[in-house]
Amino acid sequence: MKIEPRFEREKVDLSGFWHFKVDPEKKGEEEQWFEHPSVQRWDKIYAPAPWNEQDSEYTWYMGTAWYTREFSIPEDWADKIVLAVFEGVNYEAKVWINGVSLGEHEGGFTPFAFRAEKVLKFGDSNRIVVMVDNTLTKKTVPPGEGMNETYFDFFHYGGIHREVYLLSVPKVHVKDVTIRTDIKGKDGLIDVDIEVLNDLEEECAGKLTIQVIDGKEVVAEEIVDLSLAPKTRKTVDKKLTVSNARFWSPESPHLYTLRTSLAFGGNRGDVKDTRFGVRTVKIENGKILLNGRPVFLKGFARHEDFPVLGKTLHGAILRKDYGLMKEIGSNSFRTSHYPYSKSHLDLADENGFLVILETPAVGLRRGVERLDDPEIIKRVRRMTREMILRDKNRPSVIMYSLFNEPDSTREEFRTILKEAKEEARKTDPTRPVTFASSKHLDDKALDLVDVLCHNFYYGWYSYSGDLQEAEKVLSETLDEIHKRHPEKPIIITEFGAGAIAGVHKHPPEMWSEEYQAEFIKTYWKVFLSKDYVAGGHIWNFADFRVGQSTRRTTENRKGIFTRTRDPKLSVGVVKKLFKNTPTYR
Ligand code: ADA
């Protein structure tokens, strides 16, 4: 079998300097800034990257801001579908090209795309205008009331913070691919759904070649005859077997490529590559089974945060972070508290990290009047769906966290959790779901999830400075949760203490590097003593920027690295703990 040739779908990348103007009075739409913006009087900032740390004038800005730039489109794109793709804009975006509105999107951490070919000038210059609004309300997801009044504990960056580009795709193309894998003996069973779109005004008939590629070799192939009526889509469901497959795991994160190639009337058409790994994840008898073996997650809850770049973690920073995470001996992290960028997760697939993928539904507590507010439910459902659609083929993603620290003592939380869970199951029935609870024994919704995730701060917010008492209460609380739900594995998705780099105390005291190290050691001992604990994620990998309050010193200091990735005392301690804790137990 010969590998089908690969064509990259062509892109026009819009990274670079854009003209930029804040619009605190929200007059831009009425004055039609999307039509002929008088950019001579506008500032310039870089995208992708939030606006906040690019100029002190914008650091605390919450409201509407406008971006615009020109770009040209090759002439030979004229017979194609062209998508204007945004990988992440926080929080709301409205988009115009050449003065024509393309659409809007809400939610800062999931991608969206608009068809643009009807308004583009091919072989010519075009203007794109994007209006971004990062205003928080009690009903946005996540919610808040101001830059320092967020209902969540991280800095509320605004703007175009992930890639923006124009993408050309043939009028007949593979629109979506879903890959599910199973294991039978030494073989990998691959179940694929391939959605093909015919956007032509005429019927088209041809063939679809489906190949599983391992390095330079085709290890499985199916060829399907296909005919599509004008303006229709069709889903092809096929099962392929890879004999003697190499299974994906933390110690051997082997990736395959699924290549789908279309050909019509002897002409080559669209080619799309999707990476995947052959692996299974199951929850059985209180254990998380990866390829049939019980795993223990050791790692971190992270944030996307770095000086100046804000939420835009450049590839070089990601490369450094993964190097550090591996050096320490971790095998897992949670995307607290929003879906991370594509490149962030690509590296998880490649480096064998077990990821709990979390939606942006953080902070549904205190100030939120009704958790079952239909507007909030609708947002949560859509963001859950968009996240899963983006990441459903990643071997690294082993479960979905639908909320972080909601007020799960309120009865209405059950309603929104059921809705989010239904959306998750509908979009991907294969992965377990969970949420990170801070309510523990008072939680009213633990029966609804597959895995129990708990965030603990005994020894910090309560039993402050008293690790002996913290250890006792932690141990008792975990045992009681387990007693109530013996069939569910428990992961401690957050535990941590603030340490200001350079502060030392003997005996250890809160805020010192020594106390943080002792805190982590104490917790880890408790986890390892309980058979039902399936993992621990330290809060946090690195210090991160937060809003201003009396509780924080510009950053949340619970990182074992500083914001610029210098190690604190804990790093050495954690390295020992992780290295002495096997992945399978
Ligand atoms: C919560 C929350 C985190 C983090 C932590 C803390 O548990 O989930 O976002 O900020 O508190 O440091 O207080």
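Positions are given from 1 along the sequence. Read the numbers this way: they start at 1 and go in the same order the structure lists the ligands and their atoms.
- Contacts of Asn148 classified as side-chain contact (heavy atoms from CB on, under 4.5 Å), with partners at least two apart in sequence or in another chain: Trp60, Gln548.
- Atom 11 (O) of ligand 1 has its closest protein heavy atom at Glu494 OE1, 3.9 Å.
- Among Glu53, Glu304, Glu555, the single residue meeting the salt bridge (Lys or Arg N to Asp or Glu O under 4.0 Å) criterion with Arg545 is Glu53.
- Each of the atoms 6 (C), 12 (O), 13 (O) of ligand 1 lies under 4.0 Å from some heavy atom of Arg552.
- For Lys530, the NZ atom counts as densely surrounded, since its 6.0 Å shell holds more than 12 non-hydrogen atoms of other residues, nucleotides or ligands.
- Residue pairs meeting the salt bridge (Lys or Arg N to Asp or Glu O under 4.0 Å) criterion with at least one partner in residues 368-377, sequence neighbours excluded, are Lys139-Asp373, Lys139-Glu375, Arg370-Asp372, Glu375-Arg379.
- Considering only non-hydrogen protein atoms, atom 9 (O) of ligand 1 sits nearest to His337 NE2, 2.7 Å.
- Within ligand 1, counting atoms from 1 as listed, the ones closer than 4.0 Å to a heavy atom of Asn404 are 2 (C), 8 (O).
- Atom 1 (C) of ligand 1 has its nearest heavy-atom neighbour, among Glu405, Arg551, Lys558, in Glu405.
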Ser396/Asp349 under side-chain hydrogen bond (donor to acceptor under 3.5 Å, both in side chains): CA gap, chis, key distance, verdict: CA-CA 5 Å; Ser396 58; Asp349 289 337; 2.6 Å; yes

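- The shortest heavy-atom distance from Arg557 to ligand 1 is not under 4.0 Å.
- The 12-atom threshold is not exceeded at NZ of Lys505, counting heavy atoms of other residues, nucleotides or ligands nearer than 6.0 Å.
- The protein heavy atom nearest to atom 5 (C) of ligand 1 is Tyr457 OH, 3.4 Å.
- Among protein heavy atoms, atom 13 (O) of ligand 1 sits closest to Tyr461 OH, 2.3 Å.
- At a heavy-atom cutoff of 4.0 Å, ligand 1 is contacted by the side chain of Trp539 but not by its backbone.
- Ion pairing of Lys26 with Asp133 is present here, as a side-chain N (NZ or NE/NH1/NH2) and a carboxylate O approach within less than 4.0 Å.
- Atom 10 (O) of ligand 1 has as its closest protein heavy atom Asp153 OD2, 2.4 Å.
- In Val362, neither the side chain nor the backbone holds a heavy atom less than 4.0 Å from any atom of ligand 1.
- Annotation: Phe495 is not in aromatic contact with Phe456 [ring centroid separation under 6.0 Å not met].
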